[in-house]
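See structure below.
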Amino acid sequence: MRPCVVLGVLISAYLASQLAHGLFFVVASLWLLGPGYLAERYLRSRSGPRPLIVRLTLWLALSLALIPLVYLWTTTLGLALRGPALLIATALLALGTVPYGWRDLALARWPSRPTEWMMPLLLVELVLLTAWKRVREIAGLAFPPWVDAVHHALMIRVVAETGRAPFSLQPYLPIDAFAYHWGYHAVAATLLQLTDLSLPALMLWLGQLLAIAYAGVIAGATYTLWQRPRAAVVAGGVASLVSLLPAYYLSWGRYTLLAGLLLVPAVMLASLEMLRDGGWRSLAILTLLLAGLSLIHFVAFCMALLWCAAVWLTQFDGLRQMRRTLRQFVLVGVLTVLLTAPWIVLLIRQTMTVSSASSPLSIAGGDYNSMPPELLWLPGNHMLVISALVAAYLGLRRRSRATLALVLWTLLVLCCANPVWFGLPYLSFFNNRIVVLALFLPASLLLGAGVAMLDDGIGHWLERYIVRAEQLLAVGEESRTERRKPVVERLRPICPLLCTLLVAGGLLWSARYLLPRDLVLNQGLVFAHPADLDAITWAAEHTPPDARFAINTEDWLYDINRGSDGGWWLLPLAGRHVSTPPVIFTYGDAAYVTSVKQLTAELRDAAGASPEQLAAWMDRGHFGYAYATTGGRIFDRDRLRGSPLFQEVYRNAAVSIFRREF
């Protein structure tokens, strides 16, 4: 297998060198697979070698978990991962990965039967189709859409500049105890320092790479649950090519949730392996996954814990087995706490000292936690939910323990999102809205269960048919038997081949007709464009580092306002302070949060104000520049251009930058 793999690597390297951003794809492949590969190789399963799809799932998930864990402890020890230190780490990672990979290739074997080729070929088809869709979806975008991407970009910049976990956002925001999950940002900052991509472009490409990976990780979890290759491919295809989520995360810029949920299928298969093997290696894998996940996304981490609870509750092998399983999970929990101790201390401090509305443990309810029908019944979700419910019903009738664990897990997640059912208060960070956004995960896995049952049913029917045919042939005439015998013998491989061709055709049809780009990318949520990137680049080069910009602003959530055009990206890209900071300003102290809300509320209500009124407001807030656009809600460049109070210092097709004249 070595020659073919070497040839494939050389071809990939050549294509990467010819493609735009080729360096990014090479470095991203190394960092998103290398750490996990080395960890998984060392933590081998006691029950034998893992299937390749399971190994790939663990490689990706462990890499995403290990990178923020390394940042956590280097930050705690006063070290920084940037510049030469990061280059040395990359070289060591490559030197460690390549020799071990070359050695493992010598042990790999070619599939000996045609049916063994089906799973790899279907997975390759699925990944290529998903990659084609994800690349088309970001064509022409200069910035990630919507609100969340702005503060994600600022956090990535802080990590890249300091080489440390973003526990402080100084000098960009006056926040020194920042308890926002930051694991995704550490991964993105690592790639940002090692590649030639701009920050917005890196966020777009990394986000799409993570979205592509869902095809593989869901296939890996499905294969672990039901041991059916075609079911694994179908489940991955449903999540990648049929369900609107997680592809629609692009429109919201929900990169932390995208990265966090990517680890949940790996936690599923790692927990099942721990129960099966019972060794310290499988326990260590689950610990690393949970510890890293706690740094990437709060809700995904809680969902992973609820999966562990569901697995434990579905152990029906006696009280001794349940006690043994409970001890294993408790040990994993203790080790997870020890691995993330500095982060937990910061969370406790922030919870006790900050009373902001966005605190992870703040109480909320009402409309914020209502079940959003517009998200629950996205295009295609009706059929997806109905099919998943049917598969769950059939699996429970067959007393499938894996199906029971999935159903119980879904119910536990719903209960945690609705504690009011039990007389408990809501938690703002775990709500029905975010549960609906993760619904594709159990739905895809349950559909995989349905395909596994269908696969079994067809196999049993075919086996009964062949046995009956052989019985009829045994009592028939010899000449008649000889004529029919070849037909009967050919039935065994034909059915799996037909099923595989059906799955392959379904994937092609899904990629061609489902999830068109205008459905995945909501143009109404795109407010920053290439012209904004040019203007921000100019501002970074031609304005003082302490320049303060007034930008267009509008309502967002409750009493928090957001920027309404590309000027909002001035802080994360150019490092220039803006009148409406990213929404994570709510993690600051009470006085700062109150002052920002008051300032942005005044600006939000200034639509249609005269240049004189805007100049007076800028003077009160000490803003020396205005970022104005064509048809801007507040700062309209056509209105400002005629005023002697403003001098136009930059102009392109859609954006002008004005300096306040005194």
Side-chain angles (χ1 to χ4, degrees), residues 12 15-32 64 67 82 86 90 130-161 172 184-213 246-256 258-259 517 520-523 525-541 563 565-576 582 652-655:
S12 301
L15 292 177
S17 66
Q18 300 301 311
L19 294 173
H21 316 313
L23 178 62
F24 166 76
F25 294 113
V26 174
V27 174
S29 299
L30 177 63
W31 276 95
L32 293 180
L64 290 174
I67 293 173
R82 62 185 305 272
L86 193 56
T90 303
T130 305
W132 173 65
K133 298 283 283 187
R134 299 292 92 90
V135 170
R136 289 181 67 246
E137 289 158 5
I138 61 172
L141 284 180
F143 295 86
W146 205 224
V147 173
D148 289 6
V150 178
H151 58 261
H152 292 329
L154 178 61
M155 293 175 64
I156 294 170
R157 176 171 182 151
V158 169
V159 177
E161 289 182 348
Y172 303 107
Y184 155 78
H185 310 89
V187 175
T190 301
L191 299 180
L192 180 66
Q193 296 181 72
L194 296 171
T195 63
D196 55 352
L197 283 181
S198 66
L199 179 51
L202 181 130
M203 294 175 66
L204 287 168
W205 282 104
L206 177 58
Q208 296 309 87
L209 278 182
L210 297 179
I212 293 168
Y248 197 78
Y249 287 3
L250 167 66
S251 293
W252 291 315
R254 283 186 172 269
Y255 294 119
T256 53
L258 186 72
R517 183 177 187 266
V520 172
L521 179 61
N522 187 340
Q523 293 291 345
L525 303 182
V526 179
F527 57 75
H529 306 280
D532 295 294
L533 186 59
D534 295 336
I536 294 172
T537 301
W538 182 91
E541 297 173 352
D565 57 35
W568 205 20
W569 281 84
L570 277 163
L571 181 60
L573 294 192
R576 303 301 188 263
N652 65 27
V655 179

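Heads up: numbering here begins at 1 and tracks the sequence.
No side-chain heavy atom of N522 sits under 4.5 Å from any side-chain heavy atom of P145. With contacts defined as side-chain heavy-atom distances shorter than 4.5 Å, the pair Y255/I156 does not qualify. Taking the side chain as every heavy atom from C-beta outward, L250 and L204 approach each other to under 4.5 Å. Looking only at side-chain heavy atoms (C-beta outward), L197 and L191 stay at 4.5 Å or farther from each other. In this structure, the side chains of L573 and L533 come closer than 4.5 Å at one or more pairs of heavy atoms. Counting heavy atoms from C-beta outward, L521 and L141 have side chains that approach closer than 4.5 Å.
Of the candidates V187, L194, L192, L194 is the only one forming a side chain to side chain contact (heavy atoms under 4.5 Å, CB included) with T190.
Side-chain atoms of R254 do not come within 3.5 Å of backbone N or O of D148 as any donor-acceptor pair. The closest donor-acceptor contact from the side chain of R517 to the backbone of A139 lies under 3.5 Å. A donor-acceptor pair under 3.5 Å links the side-chain atoms of S251 to the main chain of V520, judged by distance alone. Side-chain atoms of D532 come within 3.5 Å of backbone atoms of H529 as a donor-acceptor pair (strictly under, hydrogens ignored). Put simply, the side chain of R134 never gets that close to the backbone of Q208: no donor and acceptor are under 3.5 Å apart.
Annotation: the span from M203 atom CE to I138 atom CD1 amounts to 12.0 Å, rounded to 0.5 Å. Here L209 contributes atom CG and F25 contributes atom CZ; the two are 6.0 Å apart, rounded to the nearest 0.5 Å. The distance from atom CD of Q193 to atom CG of L202, rounded to the nearest 0.5 Å, is 11.0 Å. The distance from the CG atom of L570 to the CH2 atom of W568 is 12.5 Å, given to the nearest 0.5 Å. Atom CG of residue L206 and atom CH2 of residue W31 lie 13.5 Å apart, to the nearest 0.5 angstrom.
Here D196 pairs with nothing under the side chain to side chain donor-acceptor pair (under 3.5 Å) rule; sequence neighbours left out.
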*Just do the side chain to side chain contact (heavy atoms under 4.5 Å, CB included) check on L64 and L210 with the steps written out, would you?*
CA-CA 10 Å; L64 290 174; L210 297 179; 4.3 Å; yes
*Please assess F143 against I536 for the test side chain to side chain contact (heavy atoms under 4.5 Å, CB included), listing each intermediate value before the final yes or no.*
CA-CA 12 Å; F143 295 86; I536 294 172; 4.2 Å; yes
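Ring orientation note: the planes of Y184 and H152 are nearly perpendicular, at an angle over 60° on the 30°/60° scale. Taking the six-membered ring for Trp and thresholds of 30 and 60 degrees, Y249 and W252 have ring planes inclined between 30 and 60 degrees apart.
Heavy-atom minimum distance, P200 versus A142: CB-O, 3.3 Å. Taking both residues in full, the closest heavy atoms of A149 and W569 are given as O-CH2, 3.6 Å, listed atom of the first, atom of the second, then distance. The two residues L258 and A211 make their nearest non-hydrogen contact at CD2-N, 4.1 Å. Contact between A189 and V159 at its shortest, heavy atoms only, is CB-CG1, 3.5 Å. Scanning all heavy atoms of the two residues, the minimum distance from G575 to R157 falls at N-NH1, 3.3 Å. For the residue pair G566 and A528, the shortest heavy atom distance occurs at CA-CB, 3.8 Å.
Checked against the 6.0 Å centroid criterion, the rings of F24 and W205 do not qualify as a close aromatic pair.
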